There are 2 protein chains.
Amino acid sequence: MRTKFAISQLPARQIGNVQYDHSMENKYYTPKTLGDAIGVSQSSLKRWADRGLLNVERTVGGHRRIVLEEALRFIRESGVSIVKPDLLGLEDYDIDTEGQDLDSADKLYYALHAGDETGVRGLVLNQYLEGRPLHEIFDQDLQPAMTRIGLLWHDDISGITIEHRAHDICMQVLADLRFRLPKVFTKGMAIGCSAPGDSYSMPTALVATALRAEGFEAVNLGPNLPLDALMDECKKVKPVLVWISISHLKKAHILRNDLRDFARFLRDQQGALVIGGSQVSRLRLDKDPFVLIGKNIHELVSISRGLVAERMTGEKTQETKSEE
Amino acid sequence: MRTKFAISQLPARQIGNVQYDHSMENKYYTPKTLGDAIGVSQSSLKRWADRGLLNVERTVGGHRRIVLEEALRFIRESGVSIVKPDLLGLEDYDIDTEGQDLDSADKLYYALHAGDETGVRGLVLNQYLEGRPLHEIFDQDLQPAMTRIGLLWHDDISGITIEHRAHDICMQVLADLRFRLPKVFTKGMAIGCSAPGDSYSMPTALVATALRAEGFEAVNLGPNLPLDALMDECKKVKPVLVWISISHLKKAHILRNDLRDFARFLRDQQGALVIGGSQVSRLRLDKDPFVLIGKNIHELVSISRGLVAERMTGEKTQETKSEE
DNA sequence: GCTGGATACGTCCATATCGTTCAATGGTAG
DNA sequence: CTACCATTGAACGATATGGACGTATCCAGC
């Protein structure tokens with residue numbers, strides 16, 4: 001094992017172009033990564049390194065590189081706390097992962113599986129801060145993870161508790177997220193719920209959160225809402241968009257007709273109905289021109305953008321002259 | 001008494017590492033920020049920290065950094081008032097009461113009725129920071145307000161949407177609260193859910209939050225959990241306390257027997273079962289010496305304190321391995 | 001191999017915080 | 001009223017922090 005010293009220039013050793021030193025299985029971190037991970041500025045990190053508090057190696061070009069063990073030693077001995085553990089790859093939910101690299105969806109699954117509330121929050125928040133759209137995180141990470149956890153259900157009785165706990169954690173993180181989103185509601189009102197008889201609360205919460213991120217003033221009415229109550233509310237607030245999530249379906253034929261009518265009612269007051277959820281296909285409403293279908297949250301968000309765009313142009317012509 | 005505020009999504013500028021404009025991970029506050037926020041000099045803050053009244057972490061260079069939860073705990077327990085809420089990521093908030101004097105329960109009712117999410121959050125947090133115990137806020141303000149809103153249900157169809165919306169807001173505020181509580185789990189593990197067949201999610205969330213504030217590592221398994229799944233989980237984590245909320249009751253006789261057995265099973269592994277909720281009296285379990293009944297959250301919290309006290313004395317004779 | 005955007009380099013500076021001392025304030029007991 | 005004690009906020013020089021600057025390096029994508 002090669003000795004590592006700070007400050008003085010190390011012998012030329014090309015480590016810059018790879019993040020891994022394959023010969024030693026060492027992982028290097030840049031000052032930015034480590035700085036973000038422990039929540040200090042790069043300036044401070046540089047100063048500490050130059051003072052010898054943190055041992056760094058240097059690339060040929062003079063850039064600092066920090067080995068994982070040294071980063072950990074420094075964190076432990078200096079007493080600084082880790083703000084974003086996942087930046088260091090430290091979220092080891094070692095259930096059946098043998099040191100392999102996990103993508104964000106896998107990490108989320110393991111964190112949910114382990115009931116690690118803080119971990120889940122951190123993972124989702126970081127993804128969002130790194131610029132990933134919420135609908136993408138939801139569609140590609142959160143929902144698959146929950147589906148996967150739902151499958152445990154069949155294997156073992158403990159799968160039920162894991163699923164319930166994961167559900168609770170998701171709802172908490174969603175609430176946290178919804179609250180932290182900038183409250184700029186430029187696109188009008190959106191309102192939604194789960195279909196009557198459907199008591200799944202997560203899908204509709206996901207939609208509400210994603211739509212808030214899109215700039216809608218999204219009001220979530222939660223699971224299992226009678227359609228006439230929803231209609232009554234729509235008469236009052238005139239939403240641009242109404243979503244209904246359908247993850248559990250009892251009386252398909254009744255709901256189908258109700259949704260048809262509801263969509264037309266909304267149309268009359270310049271609103272649109274978007275339905276989604278795992279059971280939506282059973283309703284066979286894909287031919288109906290007034291009922292929009294979002295197969296996932298991304299689609300729903302796309303539809304919402306279309307609606308707003310259309311509304312803009314529609315209002316512009318309406319200002320001048322309204323023609324049939 | 002002029003501290004009325006809610007939490008703002010726009011955080012204090014320049015705290016710690018933040019380089020994104022709307023920092024979602026507001027981790028640390030500097031003495032200046034906190035001092036300005038509560039209107040005291042940095043000198044006093046330093047002295048309090050040195051005397052151990054306020055827990056601070058230190059940067060490598062020795063500067064004090066305060067985490068938000070600790071700041072809120074200190075504000076709450078020391079009774080200082082917040083002068084500039086926005087510095088802590090809270091925003092000035094005053095509900096429009098048209099001059100009339102309303103108590104906090106009434107204000108909460110109106111805010112919930114109006115769907116004013118920010119208002120509800122502000123009111124609850126305000127009460128909490130003024131030193132009122134969470135269980136008291138829940139028992140005397142939140143639950144009565146929700147009950148009152150539930151009554152609207154009968155008058156008018158719009159009562160249904162109001163109730164759903166209020167429920168969603170409550171769940172959000174609870175999540176927010178749970179997140180802001182200091183995470184010191186000194187009293188052991190607590191675990192709970194709503195009874196099988198009971199799909200009300202709020203009571204069990206209230207309990208989880210109150211128990212966290214009490215120092216339990218409370219895990220909420222949400223509504224409608226089969227008892228055998230709960231039992232399976234209890235075998236694994238050996239909770240000190242298990243709560244079951246019963247707001248809706250179908251097969252009373254079956255559940256009664258199950259709960260009896262469950263309570264005895266828990267007893268055998270040093271745990272206690274506490275049940276509560278509006279339908280609890282129908283179970284007629286008040287004679288059973290092993291099934292504890294908490295008529296409200298305050299009672300449940302009291303019971304939990306008793307349990308811990310008893311456990312302490314019990315362990316003193318046992319002298320098992322001590323923790324660091 | 002070349003190239004462009006992202007990132008880090010070294011350096012400088014404004015501001016914040018450090019530990020400490022000291023004067024002002026306010027309550028209390030004699 | 002005075003003497004005493006506790007608390008507070010302001011001041012001090014020294015140090016720490018984070019951001020800004022122009023230049024240099026890194027590395028992924030072609």
Side-chain angles (χ1 to χ4, degrees), chain A residues 6-10 12-22 27-67 70-71 74-75 78-81 83-84 87-88 101 129-132, chain B residues 11-21 23 25-67 70-71 74 78-81 83-84 87-88:
Chain A
I7 307 173
S8 58
Q9 304 275 337
L10 278 174
R13 173 152 148 258
Q14 181 61 19
I15 57 176
N17 55 355
V18 277
Q19 240 185 332
Y20 290 96
D21 179 347
H22 292 288
K27 191 168 189 175
Y28 289 94
Y29 296 100
T30 64
K32 177 180 173 56
T33 309
L34 182 57
D36 285 349
I38 63 180
V40 296
S41 69
Q42 297 181 44
S43 292
S44 298
L45 217 52
K46 283 192 286 189
R47 224 175 306 107
W48 298 341
D50 293 348
R51 228 195 295 163
L53 300 171
L54 171 67
N55 291 334
V56 296
E57 299 190 22
R58 296 278 189 157
T59 66
V60 185
H63 284 198
R64 299 175 181 85
R65 289 295 121 96
I66 304 118
V67 202
E70 170 61 10
F74 175 74
I75 289 167
S78 68
V80 298
S81 58
V83 178
K84 296 181 176 180
L87 287 186
L88 297 181
D101 255 352
L129 288 176
E130 278 167 19
R132 234 170 127 209
Chain B
R13 210 19 76 77
Q14 46 92 259
I15 39 172
N17 60 326
V18 192
Q19 56 246 78
Y20 8 81
D21 22 294
S23 103
E25 198 74 35
N26 26 358
K27 195 61 180 157
Y28 290 110
Y29 292 90
T30 64
K32 179 181 176 54
T33 310
L34 181 56
D36 288 350
I38 62 180
V40 298
S41 70
Q42 298 178 41
S43 295
S44 299
L45 221 48
K46 284 192 287 189
R47 232 174 294 111
W48 295 340
D50 292 346
R51 235 195 291 166
L53 301 173
L54 172 68
N55 291 324
V56 296
E57 301 189 22
R58 297 276 190 160
T59 66
V60 176
H63 285 197
R64 299 176 181 85
R65 293 289 124 99
I66 304 118
V67 284
E70 171 62 12
F74 176 76
S78 70
V80 298
S81 60
V83 180
K84 291 186 177 177
L87 292 181
L88 292 180

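Please read these numbers as outputs of a predicted model, since none were measured by experiment. Only heavy atoms go into these numbers, but all of them, side chains included; no hydrogens, no water, no symmetry mates. Each chain gets a letter, A, B and so on, in the order the sequences are listed, and its residues count up from 1.
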Atom pair distance, as rounded to whole Å: CG in A/Leu54 and P in D/dT17:
13 Å
Which whole-number value in Å describes the distance from B/Arg58 CZ to D/dT17 C1'?
15 Å
For B/Gln42 and B/Pro31, indicate whether the former's side chain and the latter's backbone hold a donor-acceptor pair under 3.5 Å.
no
Search all heavy atoms of A/Ala37 against all heavy atoms of A/Leu88 and return the closest pair with its distance.
CB-CG, 3.8 Å
Might you work through the side-chain contact (heavy atoms from CB on, under 4.5 Å) test for B/Ile66 and B/Phe74, ending with a clear yes or no?
CA-CA 10 Å; B/Ile66 304 118; B/Phe74 176 76; over 6 Å; no
Please state how far atom CD1 in B/Ile38 lies from atom P in D/dT8, giving the value in whole angstrom units.
11 Å
I want to check one thing: is the phosphate of D/dC26, taken as OP1 and OP2, less than 4.0 Å away from some side-chain N or O of A/Thr30?
no
Separation of atom NZ in B/Lys32 from atom P in C/dT15, rounded to whole Å:
11 Å
Identified side chain to side chain contact (heavy atoms under 4.5 Å, CB included) partner of B/Glu70 from the options B/Val56, B/Leu54, B/Leu34
B/Leu54
Begin from the C-alpha positions of A/Thr30 and A/His63 and carry the test side-chain contact (heavy atoms from CB on, under 4.5 Å) through to its verdict.
CA-CA 8 Å; A/Thr30 64; A/His63 284 198; over 6 Å; no
Can you tell me the distance, in whole Å, between the CZ atom of A/Arg64 and the C1' atom of D/dC26?
15 Å
CG (A/Asp36) and OH (A/Tyr29) are apart, to the nearest 0.5 Å, by 13.5 Å
In whole angstrom, what separates B/His63's NE2 from D/dA14's P?
15 Å
Check the interface with nucleotides 10-13 of chain D: list each N/O to N/O pair with the protein under 3.5 Å, or write none.
| unit_1 | atom_1 | unit_2 | atom_2 | d |
| --- | --- | --- | --- | --- |
| D/dA10 | N7 | B/Ser43 | OG | 2.9 |
| D/dA10 | N6 | B/Ser43 | OG | 3.3 |

Nearest 0.5 Å, please: how far is OG in A/Ser41 from CZ in A/Arg47?
6.5 Å
Using side-chain contact (heavy atoms from CB on, under 4.5 Å), reason through B/Leu45 and B/Ile38 one step at a time and then give a plain yes or no.
CA-CA 10 Å; B/Leu45 221 48; B/Ile38 62 180; 4.1 Å; yes
Rounded (10°) bend between the five-pair end axes of the helix from C/dG1-D/dC30 to C/dG30-D/dC1:
40°
Heavy-atom nearest pair, A/Ser78 first then B/Val60, reads CB-CG2, 3.9 Å
Check whether any side-chain N or O of B/Gln42 sits under 4.0 Å from OP1 or OP2 of C/dT17, and answer yes or no.
yes
Rounding to a whole Å, what distance do you find between B/Leu45:CG and C/dA16:P?
15 Å
Is the distance from OP1 or OP2 of D/dT8 to the nearest side-chain N or O of B/Trp48 less than 4.0 Å?
yes
Given D/dA16, C/dC18, D/dT25, the nucleotide with the shortest approach to the side chain of B/Pro31
C/dC18
Considering heavy-atom distances to DNA chain D, does A/Ser44 or B/Val40 have its closest nucleotide positioned more toward the 5' end?
B/Val40
Rounded off to whole Å, could you give me the CZ-to-C1' distance for the A/Arg65 and C/dA8 pair?
8 Å
